[in-house]
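Just so you know, ligand 1 is whichever comes first in the structure, and atom 1 is the first atom listed for that ligand. Only a predicted model underlies this, so the values are computations on that prediction, with no experimental measurement involved.
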Amino acid sequence: MTQVSAHPKHFLSDKVEHFTESVIREMTRQAMQYDAVNLAQGFPDFSAPAEIKRAAQEAIAADVNQYAITWGAKSLRSAIARQMLEWQGIEVDPEKEIVVCCGSTEAMIATLLAVCNKGDEVVVFEPFYENYGPDSVLSGAKPRFVSLRPPQTAGGEWTFDEQELREAFQHQTAQHHTKAIIVNTPNNPTGKVFSRKELELIRDLCVEYNVLAITDEIYEHILYDGSEHISLARLDGMRERTITINGLSKSYSVTGWRVGWAVAPPAITNAIRKVHDFLTVGAPAPLQEAGAVALSLPASYYRELADRYRTRRDHLIPALEKAGFRCYRPRGAYYVMTDISAFGFANDVEFAAHLVKDIGIACVPGSSFYKHPKDGSQQVRFAFCKKPETLDEAGQRLEKLRSR
Ligand code: GLN
């Protein structure tokens, strides 16, 4: 027999060399290992609404247990179209413009696989939700980062430089051209809610350079201090070049259900449907039925949701500040980015390791939201989508950090 190389690398795709496993999910594992309060991964530790749990149980009992239509159950697609019209005034054809996926995570990667060619560039604001990096690599695209700069004053906003954004769009060579921009508003991890003026600038650049917008709006209902969520697709000139991504996870506290969707013009939807079909065939059928019920909850449900999260934010931030963190106050989503320079650690990873092992709180090291680890080396992110008693426990443990 001929002797051939059995070096492990021989069997692997080059693509996987370009990213690591998720730091966010790794921190949840460590939280369990050290019995720490998990303020790392963004998932609620309280119950999902009773009526939607009941709807899921009823769907299973009624034997909605086989594949739904690959691109989504009609009831859920109709509910998505109804909600987009009601909340954002966007008309969507549920037959031609929606793909229901296994979470917004699948919707995002199926979209990138459906629109990107090798050498395409995708503009991404940084710090960014960590999936966008590997998503770009797996779809053959190259991310081009544009900085979001932390607020200079307490209560200020994260901002970006217009010229830097323009240059990212202008970066065209024989091999590279800008295919899309990923926008995430309300934003993870910063809590920034993009303003109309900022979105109009993005719109103008997308139109001028013929670029798509892929907009992750999973936190659309989690808003504070009177901030308003504006869907990019609703701005003039954007409907035909926008893919809107959303899901059940964050609005209905069901992150484990894995039901999300992409909404796009018919030709793009067709391409996403093809990719989605061969990736996963479909999202869980009974949970899609329950999703249709969830999307029919009254407006008061969303007001209460945002209100509850505002209380949680205002519960955690003072405890963090007392312990020595500088907090960047979020206007939306359920994370708070913090500055850890006061603690004198060499970097965020060492700090997060100390926090989880010795203090008993898991957070996410800031570097996982940046291309260059050093840019996030004095930041960590906390999630506050937790029960008040969980946040109280975190507050008590933070006392230990203060007296250190
Ligand atoms: N979006 C959540 C976070 O940022 C959860 C991510 C995930 O693990 N799917 O923590």
Undergrad: What pairs meet the salt bridge (Lys or Arg N to Asp or Glu O under 4.0 Å) rule with one or both residues in residues 330-346, with sequence neighbours excluded?
TA: E157-R331, D225-R331
Undergrad: For a quick test of reading the model, state the closest non-hydrogen atom pair linking W87 to R234 and the distance between them.
TA: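 Taking W87 first and R234 second, the nearest heavy atoms are O-NH1, 4.5 Å.
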Undergrad: Can you pull the salt bridge (Lys or Arg N to Asp or Glu O under 4.0 Å) pairs that have at least one residue in residues 100-120, sequence neighbours excluded?
TA: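 Listed by first then second residue: D120-K179.
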Undergrad: Please, which pairs that meet salt bridge (Lys or Arg N to Asp or Glu O under 4.0 Å) have at least one residue in residues 48-75, sequence neighbours excluded?
TA: K74-E95
Undergrad: Residue by residue, ordered by chain and number, which ones reach under 4.0 Å of ligand 1 with a heavy atom?
TA: I24, R25, Q41, G42, Y129, N188, Y219, K250, Y335, R381
Undergrad: Kindly confirm or rule out a cation-pi arrangement of R313 over F384, judged by NZ or CZ under 6.0 Å from the six-membered ring centre and within 45° of its axis?
TA: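 Relative to the ring axis of F384, which defines the angle, R313 lies outside at least one limit.
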Undergrad: For F278, does the six-membered ring have the charged nitrogen or CZ of K274 within the cation-pi criterion, i.e. under 6.0 angstrom from the centroid and within 45° of the normal?
TA: no
